[in-house]
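Note that the structure is a prediction, hence the values are computed from the model and not measured. So that the names make sense, note that chain A is the first sequence line, chain B the second, and so on, each numbered from 1.
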Amino acid sequence: MDLWQRCSKHLEQELSPQQFNTWIRPLQVVEENDRLRLLAPNRFVLDWVRNHYLESIKTYLGTISPDQTPIISIEIGSKKKPAADKQRNNHQTNRTGVQTIVPSRGSPNIESHLNPNFTFETFVEGKSNQIARAASMQIGENPGRAYNPLFIYGGVGLGKTHLMHAVGNTILQHNPNARVIYLHSERFVSEMVKALQHNTIDQFKRKYRSVNALLIDDIQFFAGKERSQEEFFHTFNALFESQQQIILSSDRFPKEVGGLEERLKSRFGWGLTVAIEPPDLETRVAILQSKALQLKAELPSEVAFFMGKRIRSNIRELEGALRRVIANSTFTGTSINLDFAKNALRDMIAAQDKQVTIDNIQKTVAEYFQIRTSDLLSAKRSRSIARPRQIAMTLAKELTNHSLPEIGTAFGGRDHTTVIHANKKIKELRDSDVRISEDYSNLLRTLSS
Amino acid sequence: MSNQLALGIGLKPTVNFSGFIPGRNGEALSRLLTGTDPFIYLWGECGSGKTHLLQASCHQQDESGGTCAYIPLAQINELEPGILEGLETLDLVCLDDLGKVAGNPAWEIALFNLFNQLRERDARLLITANSAPAGVDIHLPDLASRLTWGPCYHLLPLDDDGRLILLTQLSQQRGLELSKDTASYLLHRIPRDISSITSLLEQLDQASLAAKRKLTIPFVREVLGL
């Protein structure tokens, strides 16, 4: 076991699982001869570890390796390669394994951030996205010339990002040396802030003004960020004048995006503006079937239609439900059926867990059997009262964490053995008496839905 | 003779999957064990095992040589959204108790960025909350829609069989002998939420050690005043 592993095991024993998982696990370590470099994912973790744990780490390492205690330092960094381009890039890794700059395919010093799975082949066409798809395909074939800029707008989770990636991937397919960058507008802003902080704004400008295609998602996030808008305005002009492709997306029509400068809004409308609408039922079903195919699952059409009818809002939700349905099928070892789809939807859209109280159970049960709550707490032993009381006690045991003595007390000061008896009795009756079984299920549903 | 004081020593049990009682959550557990879903959303009431599953996932990731982080969002007062920066360079990120930062614009944007970047890098994300995605009050629609992107599981609390297993498991971890009779005796009398069960067992452990007595029914009755 190396030094750091021993130290980490020690810290795992010293700290609470939460502290260990939050502050120690995210650290990566580079051991170099007499040095041990800790890499933290961000400034916040770095400061926290430095202030709370670094001294004990040093002390412990001094104890287990008194003759050769390594020099310990902590910095922001990661050993992991950026994965966006991992399927197609040659990564540049320095001798210690710490990643520095990763180039995009063929173009030096640029990360494209393109997801290779988002292609036109995996994009399901429907009435709602036909025009946007056709325009995007033309741009992929003929960037900078067909439509510039292309502005795609529509609600969340309808496929705007997918189309942008598909254009980028097509451009790179035709010209592996093209410099293509996809990024979210938030990232543009945060990169710019960092560039200003580190005095590298010229580098930042050069990077974005020298690409062949710039794909910026959700430009509504530029709202109110004047400095970023200013920079983006100049980037836009530089790219536009040199006939490099610009694709923008937003949740609404360019003129309606609030908090954006007029000169930007008017430029956004210079090329082609296309909408993506929510998909109709047939398209939703086709999307589900296409995704099922990608996930190598067999999705019966009645299940696809059931899901498509109930999930209308966005495609992400369709995908989430589908993944759950497939998981259900794998777990049970049976083929996908309607019940799986119902389970998936129930868990996705169910309301918050209600805290069921004994009071609430008593009230609901009394109403259901048309008796008074006070009857449940009374000493009456007629069956019309005793049975509902036993059902209510059983529900209290099932739905709350109260101890059995507490439940007994809440039912007119009864003993916990009465609760155990009630529970046993109702269990028997649910097996032998259809009516009791139904009553119990109805009440359980009312209380837990 | 006075009772012997029990020393607060002993190996702390690691939070891992083998210590998780599946109960009615077998499918969710199996998905987490597989570790292939880019995103899973887990929700349920307190004591349904959300934190345990996230920390066990971190443990598993670590054991397999991966990198990970667990972020307890309930501690929003001590944390800053900056803690989410750069986490996309890890293999797995676990966010516990999403509802605590819902409606906070700076956190929502930071989560949104993290979501996009994890997705871009094929890293995994696990999120827990106390309600389904539709019930968490996220203001940013772009983030809200992303929460539905993976399988979503409602975690159900332990039933009586599960509680019995828990009690037995916890006593074994402490090297205590707990007969089935004593366990049922306890479960019929004590509050049945996980934290009460755990703390009462802790109390019994200390008492048993100090009095050098086994956990018989008369002994637990005496210690807990049942």
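Interface residue I407(A): only side-chain heavy atoms are found under 4.5 Å from chain B. Contact of P38(B) with chain A is made through the side chain alone, with heavy-atom distances under 4.5 Å. When heavy atoms are compared at a cutoff of 4.5 Å, R43(A) does not approach chain B at all. Both the backbone and the side chain of D91(B) come within contact range of chain A, judged by heavy atoms closer than 4.5 Å. Looking at L90(B), both its backbone and its side chain come within 4.5 Å of chain A, counting heavy atoms on both sides. Heavy atoms closer than 4.5 Å to chain B are found nowhere in D251(A), neither backbone nor side chain. Contacts between L186(B) and chain A at a heavy-atom distance below 4.5 Å are absent for every atom of the residue. With a 4.5 Å cut-off on non-hydrogen atoms, S30(B) touches chain A through its side chain but not through its backbone. Interface residue R146(B): backbone and side-chain heavy atoms are both found under 4.5 Å from chain A. Neither the backbone nor the side chain of Y41(B) comes within less than 4.5 Å of any heavy atom in chain A. Both the backbone and the side chain of T400(A) come within less than 4.5 Å of a heavy atom in chain B. Interface remark: Q220(A) contributes side-chain atoms only to the contact with chain B (heavy atom separation under 4.5 Å). Interface remark: D142(B) contributes backbone and side-chain atoms alike to the contact with chain A (heavy atom separation under 4.5 Å).
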List the steps, then state whether salt bridge (charged side-chain N to carboxylate O under 4.0 Å, His left out) holds for E202(B) with R174(B). CA-CA 9 Å; E202(B) 180 67 44; R174(B) 288 175 167 77; 2.8 Å; yes
List the steps, then state whether side chain to side chain contact (heavy atoms under 4.5 Å, CB included) holds for K296(A) with I326(A). CA-CA 9 Å; K296(A) 299 185 176 56; I326(A) 294 171; over 6 Å; no
Report the C-alpha distance between Y182(A) and H113(A) in whole Å, list the side-chain angles of each, state the deciding distance to 0.1 Å, and finish with yes or no for ring-ring contact (aromatic ring centres under 6.0 Å, His included). CA-CA 6 Å; Y182(A) 162 87; H113(A) 306 295; 7.6 Å; no
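In terms of heavy-atom pairs under 4.5 Å with chain A, the best-connected choice from S145(B), S196(B), P191(B), G150(B) is S145(B). When each of G47(B), C58(B), G86(B), A144(B) is checked for heavy-atom pairs under 4.5 Å with chain A, C58(B) comes out on top. Comparing R324(A), H416(A), H402(A) by how many heavy-atom pairs each has under 4.5 Å with chain B, the most go to R324(A). Ranked by heavy-atom pairs shorter than 4.5 Å toward chain B, the options G408(A), S8(A), P41(A) are led by P41(A). Counting heavy-atom pairs closer than 4.5 Å to chain A, the top-ranked of the candidates P141(B), C68(B), A69(B) is C68(B). Comparing L84(B), L92(B), T67(B), N113(B) by heavy-atom pairs within less than 4.5 Å of chain A, the highest count is held by N113(B). With chain B as the partner, the residue from P405(A), G155(A), G157(A) showing the most heavy-atom pairs under 4.5 Å is P405(A). Counting heavy-atom pairs under 4.5 Å between each of Q28(A), E406(A), H165(A) and chain B puts Q28(A) at the top.
The minimum heavy-atom distance linking T198(B) with I194(B) is given by the pair OG1-O, 2.7 Å. A pairwise comparison of heavy atoms in A56(B) and N16(B) identifies CB-C, 3.4 Å as the closest pair. Nearest heavy atoms, R31(B) versus I40(B): CB-CD1, 3.8 Å.
With respect to R187(A) and D217(A), no salt bridge is recorded, no charged nitrogen being found less than 4.0 Å from a carboxylate O. Of the charged side-chain nitrogens involved, none lies within less than 4.0 Å of a carboxylate oxygen, so that K9(A) and E14(A) do not count as a salt-bridged pair. Between R323(A) and E319(A), at least one side-chain nitrogen of the basic residue sits less than 4.0 Å from a carboxylate oxygen of the acidic one, meeting the salt-bridge criterion.
Partners of I315(A) under the side-chain contact (heavy atoms from CB on, under 4.5 Å) rule, at least two apart in sequence or in another chain, are P279(A), I287(A), K291(A). In this view, T409(A) satisfies the side-chain contact (heavy atoms from CB on, under 4.5 Å) rule with no residue, not counting sequence neighbours. Take Q75(B) and apply the side-chain contact (heavy atoms from CB on, under 4.5 Å) test, not counting sequence neighbours, and it matches Q18(A), P72(B), E78(B), L79(B).
No more than 12 heavy atoms of other residues, nucleotides or ligands shown are found within 6.0 angstrom of CZ on R312(A).
A heavy-atom distance below 4.5 Å is not found between the side chains of T128(B) and Y153(B).
Ring centroids of H52(B) and F17(B) are separated by 6.0 Å or more, keeping the two rings apart.
A cation-pi arrangement is present between R189(B) and Y185(B), with the terminal nitrogen or guanidinium carbon under 6.0 Å from the aromatic centre and inside a 45° cone about the axis.
For residues 94-108 of chain B, an interface with chain A (any heavy-atom pair closer than 4.5 Å) does not exist.
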